[in-house]
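Written below as structure tokens is the structure these notes are about.
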Number of protein chains: 2
Amino acid sequence: MGMTIKEIAKLAGVSKSTVSRVINDAEHVSDKARKKVQQVIEETGYIPNSIAKDLKRNSTNSIGVIVPRINTSTISSAVEGISNIMYDNGYNLLLTNTRLDIKEEIKYLELLKEKRVSGILFFATELTSKHLETLNKIDLPVVVLGQDISEIVDFPCVIHDDFNSAKDIAKYLVKQGHQRIAYIGVQEYDIAVGQLRKKGYAEALTENNLEVPEEYLYKGDFSINSGYEGMKEIIESSRQLPTAVFAVTDSLALGAIKYLKERDYQVPEDISVVGIGNSDISSWITPELTTVDYDHLKAGEEASKILLKYITGDKFKGKLLMDYHIIERESVKKI
Amino acid sequence: MGMTIKEIAKLAGVSKSTVSRVINDAEHVSDKARKKVQQVIEETGYIPNSIAKDLKRNSTNSIGVIVPRINTSTISSAVEGISNIMYDNGYNLLLTNTRLDIKEEIKYLELLKEKRVSGILFFATELTSKHLETLNKIDLPVVVLGQDISEIVDFPCVIHDDFNSAKDIAKYLVKQGHQRIAYIGVQEYDIAVGQLRKKGYAEALTENNLEVPEEYLYKGDFSINSGYEGMKEIIESSRQLPTAVFAVTDSLALGAIKYLKERDYQVPEDISVVGIGNSDISSWITPELTTVDYDHLKAGEEASKILLKYITGDKFKGKLLMDYHIIERESVKKI
DNA sequence: AGAAAACTTGGGAACGTTCCCAAGAAAAAG
DNA sequence: CTTTTTCTTGGGAACGTTCCCAAGTTTTCT
């Protein structure tokens, strides 16, 4: 244990330079010397110290990742994608978890700089001025995931296309013949889900000259129960029932379906329902949910590729909108 | 940028020793010097280089984590637990993902040693002799998660109590009055799920003097479809139908329920079903599934605590069996 | 006031590598 | 056989810290 290059050199009867050359299989080493060194390394179980190496080289092959949580399918899939690309390119992941505490983000940004990571993948939540200051200070390539902050700060962003996907699945409902489409959403301080998806829904309807009565609109939180309550309120307050429901997430759709089932409405025969997100549940429930699939794994991969280029000096400008696709399953009926 | 302690020292008009003392807020620094240094650090945005520090100190505050995948709820929850404990104790996570490739495990074990991590949390799959050799060679504290290898190799293991939990939920069925309990399992090369859970089931029944006819036993794979097929086979081949089904995972239970529903058997009125694992789906399906909950997050936390002690020289011997509890929901009827 | 104690400070070696440079050895060219 | 070229080798500085030690300064005590 605690072997160093120097000791290997002594044992092999060569200089540490030669050992270094063997380790990094560089040129200018005779076969004889190489063999001998390899043998000694093998025998002693020597494993080089990459801390020393990193110090000398003044660079690491580590990438910092900042997430607000790990055990969500969205984030863990993205991290899986990140690890795919990064490992293939010889980088390691230094994973930090803010546990939804914004102040920790600042701390971890600095910590990752201390560790001299080559770049950072940052799952952003909110952006304060303190963030901007820190991002500036650490002077590292950063790619932001999940939030579009490309207008506030000059870092590449990788985001899902909330607006167009919402619009498309709303258009899909219209195309299936639906004219009365209710909306179950969330508060608008959430930009992606609360604003963009709603805007997509609204635009799809107006473009098709469809009006939305006030009583078709519900805004709650992200819980399943909120979907249940929303559906209840819409059903109870509508003079004429909608033929379809546009829920802004799969959980909300699930809650809506639960309520409908309880009241003996058939889905999709009486009322069609769509969600967004293609969560695990969406394919387990009956009827299987028609929804929008975002490819989180691929988002992680794309963000990684952008970061790698950034590190080598080729900076992506603006934001990358990820692809999506509608998964047609059983919860929508053509009328 | 690229500031060093030396440059800060020059700017502050002190020696680098003094700057070092300020950074590590050590004693023996006059207020005046401290103020001045802090001011210069603030102005220049200097962030210390922890690579140099680690090299000098000959230790890092990093923990290596080796996982076979990231985006499963089991693993991501465990990693969340790990990050909780580790961050609270000042450690960072170096995350490596083998993508189910056993050879990569060896590679990552060595890589983490190169990085001079303080310890490793290893989600093991299989253990080859090459593994043992490498584990030996790297000479680091390692805690193994998810597999009981405490008899083969002298590292602490943290595992779920497959045997007792299976036995308990089988006993629960008996207690609810069930006498004819069918079994849907998996092949026995999987020790935890294939062997231990089956053993728990078998023991619960024999202890209650219940016999199991051969046609009540089915062995497939881990897929939902396998649960479906298993249920089908059991129903079709039994002279007398079972009143309950013990499925070795939630997915299998789900498949079984799917088949029963299709054939218009009521769950749990006609046949009760239990699973194991408390997967996400288990609470979404109708009827909600009675199952066993393993606390993966806590397993990660406990493993982390054991590793931290190990690092400070206090090695846990043998294996830690995690707690579990039965979640009673709707899929079992008392008879 | 002088001695002792306590605090403050700076210099320099060390951590384990890499990589430049110079020198020695071998091979090729004349 | 000498000169040039190419290959191989080792020595040592450097990367940015920490930490020991010695020296200088201030405070406390008698």
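Note that the coordinates shown come from a computational prediction; the quantities given were computed from them, not determined experimentally. Every heavy atom of this structure was used, including side-chain atoms; hydrogens, water molecules and symmetry mates were not. Below, chain A is the first sequence line, B the second, and so on; all start at residue 1.
When the P atom of D:dG11 is taken as reference, atom NZ of A:K10 falls 13 Å away, rounded to whole Å. With rounding to whole Å, B:H28 atom NE2 is found 11 Å from C:dT9 atom P. Taking atom CD1 of B:I5 as the reference point, atom C1' of D:dT17 lies 6 Å away to the nearest angstrom. Atom NZ in A:K53 sits about 18 Å away from atom P in D:dG16, given to the nearest Å. In this structure, CG of A:N24 is placed 7 Å from P of C:dC19, rounded to the nearest angstrom.
Within the 4.0 angstrom heavy-atom criterion, no nucleotide atom of any strand lies near A:A9. Contact annotation for A:N49: backbone-only contact, meaning every heavy-atom pair under 4.0 Å involves sugar-phosphate atoms and none involves a base. B:K16 comes within 4.0 angstrom of a nucleotide base, judged by non-hydrogen atoms across all strands.
Ring geometry, B:F155 versus B:Y310: the interplanar angle falls from 30° to 60°, so the pair is classed tilted. Using cut-offs of 30° and 60° for the angle between ring planes, the B:Y87 and A:Y108 rings count as tilted.
The environment of A:K315 atom NZ is dense: over 12 non-hydrogen atoms of other residues, nucleotides or ligands sit within 6.0 angstrom.
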Worked check of side chain to side chain contact (heavy atoms under 4.5 Å, CB included) between B:I159 and B:L320: CA-CA 6 Å; B:I159 51 176; B:L320 174 67; over 6 Å; no
